[in-house]
Amino acid sequence: MARAAAPSVRRGKTASTGPPLVSAGLLLLLWWAAARAGVLGDGLVPTPWQTLKAAHAMWADGTLAADLRASLARAGQGFAYGATAGVALGFLTGHRPRVAALVSPVMSFLRPIPAIALVPLITAWFGIGEQAKHLVIAYAVFLAVWLYVHDGVARIPADYRRAARTLGVPAWRRLTEVLLPAAAPSVVTALRHGAGLAFLALVAAELGGAQSGIAYRLQVDGQFLRTDHMFVGIIELGLLGLAADALIALTGRRLIHWSTS
Amino acid sequence: MIRLEGVEVRYGDALAVAATDLEFAQGSFTSLLGPTGCGKSTLLNVVAGFVPPSGGRALMDGAPVTGPGSDRGMVFQHYALLPWFTARGNVEFALKRFGLPRAERRAHALRALDDVGLADAAEKYPAQLSGGMRQRVALARALAAEPRVLLMDEPFGALDAITRRRMQQLLAELWRRTGTTVVLVTHDVDEALVLSQRIVVMAAGPGRVIADHRMDDGTASPEDTRPRIVAQLDTEPR
């Protein structure tokens with residue numbers, strides 16, 4: 001019964017390119033209408049066509065590629081540091097309630113402090129180099145990833161671990177064959193959420209003094225009211241977030257073949 | 001042989017099990033029978049090493065129980081199969097500690113599944129199996145680790161009546177064949193009567209042993225024992 005149901009669910013998931021395309025088309029239409037109606041005065045809302053031309057111009061003069069490279073490197077590295085630390089600590093606190101009792105209050109204290117609030121301090125400490133930007137992004141990613149992984153590991157049914165111990169399974173195999181797969185769905189959720197936050201924090205990091213990057217370019221274009229260029233930057237951020245999320249979700253679904261979530 | 005010497009379990013201020021002395025002989029089949037809250041599962045968990053006694057001690061072949069070990073296998077009510085392994089994978093999970101070559105381990109696992117009537121379902125995942133089939137896999141897995149004692153915590157409680165009957169027959173057959181000591185926790189009088197040589201009746205508030213029926217010495221038949229157990233379960237205030 002479960003076997004018969006599974007493929008149809010999966011087909012529904014991958015073959016659903018229709019609705020997203022329709023919603024994208026609808027958004028484009030609304031955007032075009034708003035630009036044509038001149039709701040905010042002449043030229044303040046660029047048309048999709050003007051935005052596309054701006055993107056082409058930015059590609060031609062090399063700024064688009066350079067900014068993309070700089071931002072992706074920052075977001076990627078910051079994400080890697082933050083996610084690694086978050087997953088590791090999440091496993092530790094999820095598995096050891098005593099460590100969790102020690103760590104959780106600190107995390108609850110840190111969580112409401114947004115990454116952008118730390119930018120001035122981190123700049124004062126580490127300057128405006130790449131390291132400081134990685135740190136800002138890693139901070140935001142770490143907090144979110146830790147929470148999801150901690151929760152996921154803490155929820156692993158006690159019977160899994162008990163069964164493994166009565167079967168004489170040694171500690172390292174309990175980690176690799178029980179805890180890791182049992183927590184995998186939570187880790188995927190954590191990484192998806194963390195990836196989204198990496199791009200949010202990227203903007204905060206680049207506003208704290210940078211010479212390149214998507215958010216840096218947005219700031220510069222803002223000073224010249226080049227709304228078409230700003231639209232390009234904003235759309236870039238959205239598409240990058242979307243792509244990162246889809247990549248992690250897809251990889252996760254392949255790895256976690258036994259779970260329907 | 002398992003021996004409980006004055007085992008007592010407290011959760012905070014609450015007394016879950018009052019001081020209890022019990023012995024389970026090698027190769028015997030005993031049921032712990034009683035209503036919810038009588039501490040039968042707690043006692044089983046003490047033997048398994050999941051719950052440390054607050055007083056007294058549990059001995060396995062003379063050595064104090066300090067934690068779970070492969071000498072005491074467990075079958076859980078909700079199977080505790082690992083969903084990322086197939087039925088065969090779950091059995092091999094238990095076999096790995098023997099360090100067999102891959103092919104031999106695989107063959108061994110398939111034999112174990114065949115013993116519980118699941119030769120055809122070896123490559124299925126737990127999510128693709130019915131409750132009864134899952135419990136068969138769990139039974140095969142627990143026995144594959146070659147425990148000296150098999151502890152079962154209401155193993156058939158989640159199954160329908162027909163499947164439960166079949167699983168009871170399978171268990172009786174496996175017990176006769178392997179000679180493993182079995183301690184079964186159940187709240188089903190008939191299940192206890194059908195399967196076991198001895199029934200330890202427990203009551204709640206606090207959890208304690210109120211009767212110990214032995215049917216293996218030929219003096220008491222299940223037909224005689226049943227009404228006495230039912231009366232004991234009924235007269236005890238809960």
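A note on names: the letters A, B, ... follow the listed sequences, proteins ahead of strands, and every chain is numbered from 1. Quantities reported herein were computed from a predicted structural model and do not represent experimental measurements.
Using a 4.5 Å cut-off between heavy atoms, A158(A) does not touch chain B at all. Residue P157(A) does not touch chain B at all, counting heavy-atom pairs closer than 4.5 Å. With a threshold of 4.5 angstrom between heavy atoms, N90(B) does not approach chain A through any atom at all. For A184(A), no part sits under 4.5 Å from any heavy atom of chain B, backbone or side chain. With a threshold of 4.5 angstrom between heavy atoms, L81(B) approaches chain A through N, CA, C or O but not through any side-chain atom.
Side-chain N or O atoms of W258(A) include none that pairs as donor or acceptor with a backbone N or O of A127(B) at under 3.5 Å.
The environment of CD1 in I162(B) is sparse: at most 12 heavy-atom neighbours from other residues, nucleotides or ligands sit within 6.0 Å. For R111(A), the CZ atom sits in a packed shell: over 12 heavy atoms of surrounding residues, nucleotides or ligands are nearer than 6.0 Å. Under a cut-off of 6.0 angstrom, the local environment of CZ in R166(B) is sparse, with at most 12 non-hydrogen atoms contributed by other residues, nucleotides or ligands. The number of heavy atoms from other shown groups lying within 6.0 Å of CZ (R102(B)) does not exceed 12. Within 6.0 Å of CD in Q26(B) there are more than 12 heavy atoms belonging to other residues, nucleotides or ligands.
Residues F93(B) and V178(A) are in side-chain contact: their nearest non-hydrogen atoms beyond the backbone lie under 4.5 Å apart. Side-chain contact between K96(B) and R173(A): present, with at least one pair of heavy atoms (C-beta onward) separated by less than 4.5 Å. At a threshold of 4.5 Å between non-hydrogen side-chain atoms, the residues Y160(A) and P83(B) count as touching. By the 4.5 Å heavy-atom criterion applied to side chains, D159(A) and Y79(B) are not counted as neighbours.
Atoms CZ and CZ, from R72(B) and R165(A) in turn, are 10.0 Å apart once rounded to the nearest 0.5 Å. Atom-to-atom distance recorded for T166(A):OG1 and R141(B):CZ is 7.5 Å, nearest 0.5 angstrom.
Minimum heavy-atom separation, L82(B) to E177(A): CD1-O, 4.3 Å. Closest approach of G168(A) and R97(B) over heavy atoms only: O-CD, 3.8 Å.
Among the candidates G69(B), A138(B), A145(B), P126(B), the residue making the largest number of heavy-atom pairs closer than 4.5 Å to chain A is G69(B). Between chain A and the residues A80(B), A144(B), A48(B), the largest count of heavy-atom pairs under 4.5 Å involves A80(B).
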